[in-house]
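Report on the following structure.
Protein chains get the first letters and strands the later ones, always in sequence-line order, with residue 1 at the start of each.
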There are 2 protein chains.
Amino acid sequence: MQKYVKQLLDYPLFFGVKEKDMIPMLNCLGGKVRKFKKGEYIFFEQDDVRQIGIIISGSVDMVKEDIWGNKTMLVRMKKEELFGETFSCGVEQSSVVSFYASSNTEVLFLPFDRVMHSCSMTCVFHHRLIENMVAIIARKNKQLMEKVEVISKKSLREKIMSYLSQQAQKQGTKYIEIPLGRVEMADFLCTDRSALTRELNTMRDEGIIDFDKNMFQIL
Amino acid sequence: MQKYVKQLLDYPLFFGVKEKDMIPMLNCLGGKVRKFKKGEYIFFEQDDVRQIGIIISGSVDMVKEDIWGNKTMLVRMKKEELFGETFSCGVEQSSVVSFYASSNTEVLFLPFDRVMHSCSMTCVFHHRLIENMVAIIARKNKQLMEKVEVISKKSLREKIMSYLSQQAQKQGTKYIEIPLGRVEMADFLCTDRSALTRELNTMRDEGIIDFDKNMFQIL
DNA sequence: CACTACGCGTTGCAACTGCAACGGACGAAT
DNA sequence: ATTCGTCCGTTGCAGTTGCAACGCGTAGTG
């Protein structure tokens, strides 16, 4: 466990926690590290999702399966990210969501209720942990809302504008750098890559936007 | 304030709180009720969203505005629901989101940090409150993920199937009751009402689904 | 150098679907 | 009963876009 402490300190969940407190805290929480090989399932069956997972290395895909068995990858998460929190406090019927190691992965598991129910306030940083977790969930929430806002547009052009507008707001510049390749961008917008390229070109021709590679500008 | 206590007890945020504790707790938190007329803005400018709002009566729309001033209604919230939580813990640049009273509305405001930072543990239920809030945010999260899952489908047919499949899973029956009218359903699927009707009929003709009014069945 | 894999732009085509317009059914109010 | 408003199904049409296929350039690998 010792060897993970240094990097854990930088993780959002542990913001504000002091190095010397990490080991006691992890012990107090009953944290355990497990390794998964690429392709293995961290299959959180709906009733025993009582752990939250923090990715230490590798990557985890959140996969949703419908009643015919069609799988859709919803999110890919990397180092530092948290998963399972949303389902750990699920009162209601949870969707059948699986987590899947999309590369060799190390995960630190913490029992959700130990994180939430402070151990009679003995460790000072417990509350800090809860606050951090709330912040993390809230941030995910915001990201999801942003995504919904974009992909709820009916036409591709609107999606693109919505997305660019959003990025512009975030980055505060007129010159927007998109952190995605064309394929990923199309994927994010839930559209076809070729259709995206086509529409981008049309929009440039019409003088609505300008771009070069991943640098965009709204005119 | 007294007069609100009874109904507040049933709200998700106050689950598990005893009646006699409500008044002291609300005082401790510094809760305030404000009224808004239909059409008024509860305009949470991004830097002073330090309150969470609990809707006591009426309805509140969450509205997103892009850089050209086009407004989109993201969610309509009703009695019992919470808003503002997502932005109260925002570390990063928040999107410009406004809240808007879509009918005459009463809102109970609670300062976010008072809710989070327990008042030196004096009131027993404080922790309960925090737990409840985490649960509420997590639930919203799940709802959003479900929505994303549905509307990220490329074809209308896929959206419909995804939605029905989801509802079937939730309701546990083969006979699915959709709590939405056609207009609202189309709205939820981010598509056109007529297109929705058309596709539903096609799917019925092809023997994929069957339905009558709002009762659906997957074959 | 040759070979391969990958990301990206381009294009033709057919199907999908957004849009607008119309009409019927139903309920509320006058 | 009449009128109005709302919800919903239907249909024609044109523009959009998903799909498949091809070609180019670059990077990595033998």
Q.
Using a 3.5 Å distance criterion without hydrogens, assess whether the side chain of B:Q7 forms a donor-acceptor pair with backbone atoms of B:Y4.
A. no
**Q.** Value in whole Å for how far the C1' atom of D:dG18 lies from CZ of B:R157
**A.** 15 Å
Q: Tell me whether the guanidinium CZ or amine NZ of B:R128 lies under 6.0 angstrom from the six-membered ring centre of B:F15 and within 45° of its axis.
A: no
Q) Near DNA chain D, under 4.0 Å by heavy atom, which residues of residues 188-201 of chain B? A) B:R193, B:S194, B:T197, B:R198, B:N201
Q) Does anything in residues 176-185 of chain A reach DNA chain D, meaning a heavy atom under 4.0 Å, and if so which residues? A) none
Q: Classify the side-chain pair A:R198/A:N201 by whether it contains a donor and acceptor separated by less than 3.5 Å.
A: no
Q: Would you indicate whether the side-chain heavy atoms of B:V17 and B:M22 approach each other to under 4.5 Å?
A: yes
Q.
Angle between the two end axes of the helix from C:dC1-D:dG30 to C:dT30-D:dA1, five base pairs per end, rounded to 10 degrees?
A. 30°
**Q.** Centroid separation A:F216 to A:Y175 less than 6.0 Å
**A.** no
Q | Any pair counted as salt bridge (Lys or Arg N to Asp or Glu O under 4.0 Å), so long as it reaches residues 156-168 of chain B, sequence neighbours left out | A | B:R157-B:E199, B:R157-B:E206
Q. Between B:T105 (side chain) and B:A101 (backbone), is there a donor-acceptor pair under 3.5 Å?
A. no
Q. Are any non-hydrogen side-chain atoms of B:I54 and B:L13 less than 4.5 angstrom apart?
A. yes
Q. Between C:dC16 atom P and A:L156 atom CG, what is the distance in whole Å?
A. 18 Å
Q.
Quick check: do B:Y11 and B:K79 have side-chain heavy atoms less than 4.5 Å from each other?
A. yes
Q: Using atom CD1 of B:I151 as one end and atom C1' of C:dG18 as the other, report the distance to the nearest whole Å.
A: 17 Å
**Q.** Spacing of B:K154 atom NZ relative to C:dA15 atom P, expressed in whole Å
**A.** 19 Å
Q) Between atom NZ in A:K153 and atom P in C:dG18, what is the gap in whole Å? A) 15 Å
Q) Can you tell if the side chain of A:N214 reaches within under 4.5 Å of the side chain of A:R182, non-hydrogen atoms only? A) yes
Q) So do the side chains of B:F112 and B:M133 get within less than 4.5 Å of each other, counting heavy atoms only? A) yes
Q. Taking atom types as modelled, is there a side-chain donor on A:Q166 or A:E149 under 3.5 Å from an acceptor on the other?
A. yes
Q.
Using a 4.0 Å cut-off on heavy atoms, which residues in residues 211-219 of chain A reach DNA chain C? List them by number, or say none.
A. none
Q: List for me each residue that meets salt bridge (charged side-chain N to carboxylate O under 4.0 Å, His left out) alongside A:K213, sequence neighbours excluded, and say none if there are none.
A: none
